[in-house]
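Report on one structure; see the data block that follows.
Throughout, residue positions are numbered sequentially from 1 according to the sequence presented.
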Amino acid sequence: MSKIPFWFYHVLSRVIGFLLIKFKIYRYQLVVNNINKAFPEKSEKEIREIAHKFFYHFSDLLIESLKAFNFSKKKIKKRYKIHPNDDVQRIVDEGRSLAIVLPHFANWEWAVLSFVFMVERNQPFAMGIYKPLKNKVMDRLIKDSRTPFPNALLIPKKTAMKEMMAHSDKPFLVGFAADQSPANVYNSYWMEFMGIETGVFFGVEKMSKKMNLAVVYAHVRKTKRSFYEVDLELITAHPNETDYGFITEKHMKLLEADLKKTPHLWLWTHNRWKRKKPSDFNEKIEANKKEQ
């Protein structure tokens, strides 16, 4: 199926998008509710327009995942372009490892495929952190589609630190999708995001400080259907010199700015604001700080 041309998949994607909107098959109301929370100033018509654009983009993402199974280096470089950044390249050339914050925005599925080539001169591993699926067959398919090259790896979230330590003898790049709702509200970093008090994964900041990883944010833009461009922004080259919360606040604010520009490109099907800050959270925050 992955060898079927893009034009056919794009036709199929439009049909899928239409059905998702027409019959409200998949989390339609959740998407509308999330957009309304994030943009309370927008009219009902504007909210609906963003939701419909999102579902058409979401349908494109589904077919793009299938196409990843037979991507060559030439194809991925053509469709997922990473623009050079002197600061980031200097860190790579020095042989240091990177943590790249890549939210569920535009297309994150092709990221590991593409980031391999950004640093391939030093032959590092490009790793993506993910949550394994319970279905072993589907989990294997997901891993194969996202890591078709020898130096691209997907590592389970629960063993991420162990896996990174295992590869610490050589430079590596690790991607974090740090914009979903953390399961443990006490291990979260709480801040205002889109005007809403939001719990955020603290893993990027915690791991980058523990392993001295330079932290980079990836701004991903969709230039046309199934074509993306990435601008990298260095958050810090020296994570241990930053204040508590700086890295987390920075990458979430960068996401917020991107989201406001093209809101339909974010993954609105995730129930982002389902958890609330515990009343006793502030009593435990100092203990969390001491662990960093």
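- Applying the side-chain contact (heavy atoms from CB on, under 4.5 Å) rule to R225 yields the partners H10, S13, R14, D60; only residues at least two apart in sequence or on another chain are considered.
- Between the side chains of R27 and T269, no donor N or O sits under 3.5 Å from an acceptor N or O.
- Here the CG atom belonging to L213 is positioned 11.0 Å from the OG1 atom belonging to T236, to the nearest 0.5 angstrom.
- Within a 6.0 Å radius of NZ in K253, more than 12 heavy atoms belonging to other residues, nucleotides or ligands are found.
- Inter-residue side-chain proximity for N240 and N212 is flagged as met; some heavy-atom pair is nearer than 4.5 Å.
- By the neighbour-count criterion of 12 heavy atoms within 6.0 Å, atom CG of D86 is sparsely surrounded, having that number or fewer from other residues, nucleotides or ligands.
- Enclosure of atom NZ in K274 by more than 12 non-hydrogen atoms of other residues, nucleotides or ligands within 6.0 angstrom is indicated.
- Between the CZ atom in F6 and the NZ atom in K67 there is a gap of 5.5 Å [rounded to 0.5 Å].
- Smallest separation of non-hydrogen atoms from I47 and K42: CD1-CB, 3.8 Å.
- Ionic pairing of R90 and D87 is present here: one or more N-O contacts between side-chain nitrogen and carboxylate oxygen are shorter than 4.0 angstrom.
- When the shell of 6.0 Å around NZ of K210 is examined, it contains 12 or fewer heavy atoms from other residues, nucleotides or ligands.
- For the atom pair E197 CD and K277 NZ, the distance stands at 5.0 Å (nearest 0.5 Å).
- Atom CZ in F105 sits 6.0 Å away from atom CG in L259 (nearest 0.5 Å).
- Listed by chain and residue number, E229, D231 satisfy the salt bridge (Lys or Arg N to Asp or Glu O under 4.0 Å) test with R221 (two or more places apart in sequence, or in another chain).
- In this structure, K206 forms no cation-pi arrangement with F202, as its terminal cationic atom is not both closer than 6.0 Å to the ring centre and no more than 45° off the ring axis.
- Using a 4.5 Å heavy-atom cutoff, the side chains of V174 and M164 are in contact.
- From L61, atom CG reaches atom CD1 of I16 across 11.5 Å, with rounding to the nearest 0.5 Å.
- Once rounded to the nearest 0.5 Å, the distance linking CZ of F54 with CD1 of I21 reads 10.0 Å.
- Checking side-chain atoms of H270 against main-chain N and O of S181 turns up a donor-acceptor pair under 3.5 Å.
- Exactly one of V204, L255, L254, D179 qualifies for a side-chain contact (heavy atoms from CB on, under 4.5 Å) with V101. That residue is V204.
- Residues D280 and Y186 are in side-chain contact: their nearest non-hydrogen atoms beyond the backbone lie under 4.5 Å apart.
- In this structure, K222 places its NZ atom where more than 12 heavy-atom neighbours from other residues, nucleotides or ligands lie under 6.0 Å away.
- In this structure, the side chains of I4 and Y9 come closer than 4.5 Å at one or more pairs of heavy atoms.
- Of all heavy-atom pairs between G199 and R272, the closest is O-NH2, 2.9 Å.
- Residues in residues 30-40 take part in these side chain to side chain donor-acceptor pair (under 3.5 Å) pairs, two or more places apart or across chains: Q29-N33.
- Between F23 and F18, the ring center distance fails the sub-6.0 Å criterion.
- In this structure, a donor-acceptor pair under 3.5 Å is absent between the side chains of E64 and Y80.
- Of the N and O atoms on the side chains of E205 and Y244, not one donor lies less than 3.5 Å from an acceptor on the other residue.
- Pairing each heavy atom of W110 with each of R79, the nearest pair is CZ3-CB, 3.9 Å.
- Annotation for F201 and P182: closest pair N-CG, 3.5 Å, computed over non-hydrogen atoms.
- Here the shortest heavy-atom pairing between W268 and I35 reads CD2-CG1, 3.6 Å.
- Under a 3.5 Å cut-off, the side chain of D243 and the backbone N or O of F246 do not form any donor-acceptor pair.
- Scanning both residues, A218 and P103, for their nearest heavy atoms gives O-CD, 4.2 Å.
- Annotation: K53, atom NZ; neighbour count of heavy atoms from other residues, nucleotides and ligands within 6.0 Å does not exceed 12.
- Under the 4.0 Å criterion applied to side-chain N and carboxylate O atoms, K260 and E256 are assigned as salt-bridge partners.
- When atom types are taken as modelled, the side chain of S59 and the backbone of F55 share a donor-acceptor pair closer than 3.5 angstrom.
- No donor-acceptor pair under 3.5 Å is formed between the side chain of R96 and the backbone N or O of I91.
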